[in-house]
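This report concerns only the one structure given below.
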Amino acid sequence: MTAATPATSYRAGFLPDIASAREYFGAWAKLSVLQYFVAESAVIAAWAGPEPYDRRTGYISDLGAVHCGIYEDRDVCSPLHALMNASFVVQGLGMLAGALLLSSALLCVAARPGIRIAFGPGHRAPWLTALAAKVLTFTAGTGTIIVGLVPEDAGLFAVHLTGALMYFIGGALALLLLGVLWLRQSPLGWFIFACGAVSFGALVAGGVTGMAVPEPGTLERFMGYPVTIGLATAGLVIAQRVRQELRARKAARAAARELLPRLPADKHRSAAGQQAQHEQHPAGNGEHGR
């Protein structure tokens, strides 16, 4: 009997080429969402309402309200509303760029070097999960752009609310899926999954209570902050992985360039040695013929 041939086509899978500037820029685009925390702190510091802004009771959207005055029983006045709304838009653009530039193959293997992607019948789940995470991230990015372009007091609150729900729901589900992909690859997979779970749980609590809780600002931030933190963590992991691959490729190219000049020199020395040997031991001339 002959030994069985290993079925490498489906079981072994392949290592995707992830060392590209496109993937690197996509990772940094995701990481850029952290600018939101800087902008929010600056806008809160400039708050001009009769009472200091409190993250526990103040809604995030109040920071982007264009007008000063009473809005839904809340006295709001945010002089830096333009900065807050611009931050929403920039955050959304970063998420859109990440969703478009990062490939599904990279998302499948980014958390640990050496991971291979299985392909063929019965191995489509990781690909579909990664694709779904990309679509949900794109949805969440579109939502926060809407929030920035349509402030809560712009007269189109339904549009503003729709954008906010797109961000919360899309972001939470994207992190849950990405966490599932990375659970067996890195401890950070659990962290990203936890971020998605906390955000989704807070969203459910907000829906059940209608945000009629003692600290609505805290509840809303439990919806939004984990999304921003989780996406930034994913961006950092992906950026480090792509950077490692780029460095490895650069080192390989440098090693190849060092070898190239030696090859002609080695051939030249070999040819010179053969010629000298031929001159010392000429074949079939002079004295040997007498």
Side-chain angles (χ1 to χ4, degrees), residues 9-33 91-146 162-163 165-186 188-200 203 224 226-245:
S9 59
Y10 292 150
R11 297 179 181 274
F14 70 98
L15 287 170
D17 182 12
I18 62 175
S20 70
R22 169 185 167 177
E23 309 281 13
Y24 198 49
F25 290 145
W28 276 100
K30 273 197 171 186
L31 191 58
S32 70
V33 299
Q91 183 182 27
L93 291 175
M95 296 170 68
L96 294 185
L100 293 174
L101 295 177
L102 297 176
S103 65
S104 297
L106 173 60
L107 293 181
C108 288
V109 301
R112 190 173 73 185
I115 294 293
R116 291 179 176 269
I117 303 179
F119 58 94
H123 295 286
R124 295 190 178 91
W127 291 91
L128 295 177
T129 303
L131 179 60
K134 283 164 57 72
V135 172
L136 288 166
T137 301
F138 190 92
T139 301
T142 302
T144 192
I145 290 176
I146 293 174
T162 299
L165 290 176
M166 289 171 62
Y167 172 72
F168 293 141
I169 297 173
L173 293 179
L175 291 178
L176 287 173
L177 293 179
L178 189 58
V180 168
L181 273 178
W182 290 2
L183 283 181
R184 297 183 180 180
Q185 298 183 29
S186 169
L188 285 176
W190 289 99
F191 177 76
I192 291 173
F193 183 85
C195 287
V198 170
S199 177
F200 191 77
L203 181 64
V227 173
T228 302
I229 295 171
L231 289 175
T233 301
L236 179 61
V237 171
I238 296 170
Q240 289 179 337
R241 177 69 194 282
V242 175
R243 187 178 182 184
Q244 289 174 356
E245 296 294 332

### Separation between CG of L176 and OG1 of T129, rounded to the nearest 0.5 Å
12.0 Å
### Query
Is there side-chain contact between L175 and F193, with heavy atoms separated by less than 4.5 Å?
no
### Query
Under a 4.5 Å cut-off applied to non-hydrogen side-chain atoms, are T137 and K30 in contact?
yes
#### Entry: Steps toward side chain to side chain contact (heavy atoms under 4.5 Å, CB included) verdict (L96, T142)
CA-CA 7 Å; L96 294 185; T142 302; 3.6 Å; yes
### Message
Rounded to the nearest 0.5 Å, what separates atom CG in L231 from atom CE in M95?
### Response
5.0 Å
### Summary
All heavy atoms of A133 vs all of L177, minimum pair found to be N-CD1, 4.0 Å
### Task
Please report the closest heavy-atom contact between G92 and T144, naming both atoms and the distance.
CA-CG2, 3.1 Å
## Note on the structure
Here the gap from Q91 atom CD to S32 atom OG, rounded to the nearest 0.5 Å, amounts to 8.5 Å
### Task
Indicate yes or no: at least one non-hydrogen side-chain atom of V237 is less than 4.5 angstrom from one of W182.
yes
## Note on the structure
d(L178 CG, L173 CG) to nearest 0.5 Å is 12.5 Å
#### Entry: Result of checking L31, T233, L102 against I238 for side-chain contact (heavy atoms from CB on, under 4.5 Å)
L102
### Message
Give me the atom names and distance for the closest heavy-atom approach of C195 to P226.
### Response
O-CB, 3.3 Å
### Query
What pair of heavy atoms forms the shortest contact from A97 to A29, and how long is it?
CB-CB, 3.7 Å
### Query
CD1/I145 to CG/L93 distance, rounded to the nearest 0.5 angstrom?
4.0 Å
### Query
Roughly how far, to the nearest 0.5 Å, is NZ of K134 from CG of L100?
6.5 Å
#### Entry: F168 vs V227 side-chain heavy atoms within contact, under 4.5 Å
no
#### Entry: For the student: nearest non-hydrogen atoms of M166 and I146, plus distance
SD-CD1, 4.1 Å
### Task
Establish, from distance only, whether the side-chain atoms of Y167 and T228 form a donor-acceptor pair under 3.5 Å.
yes
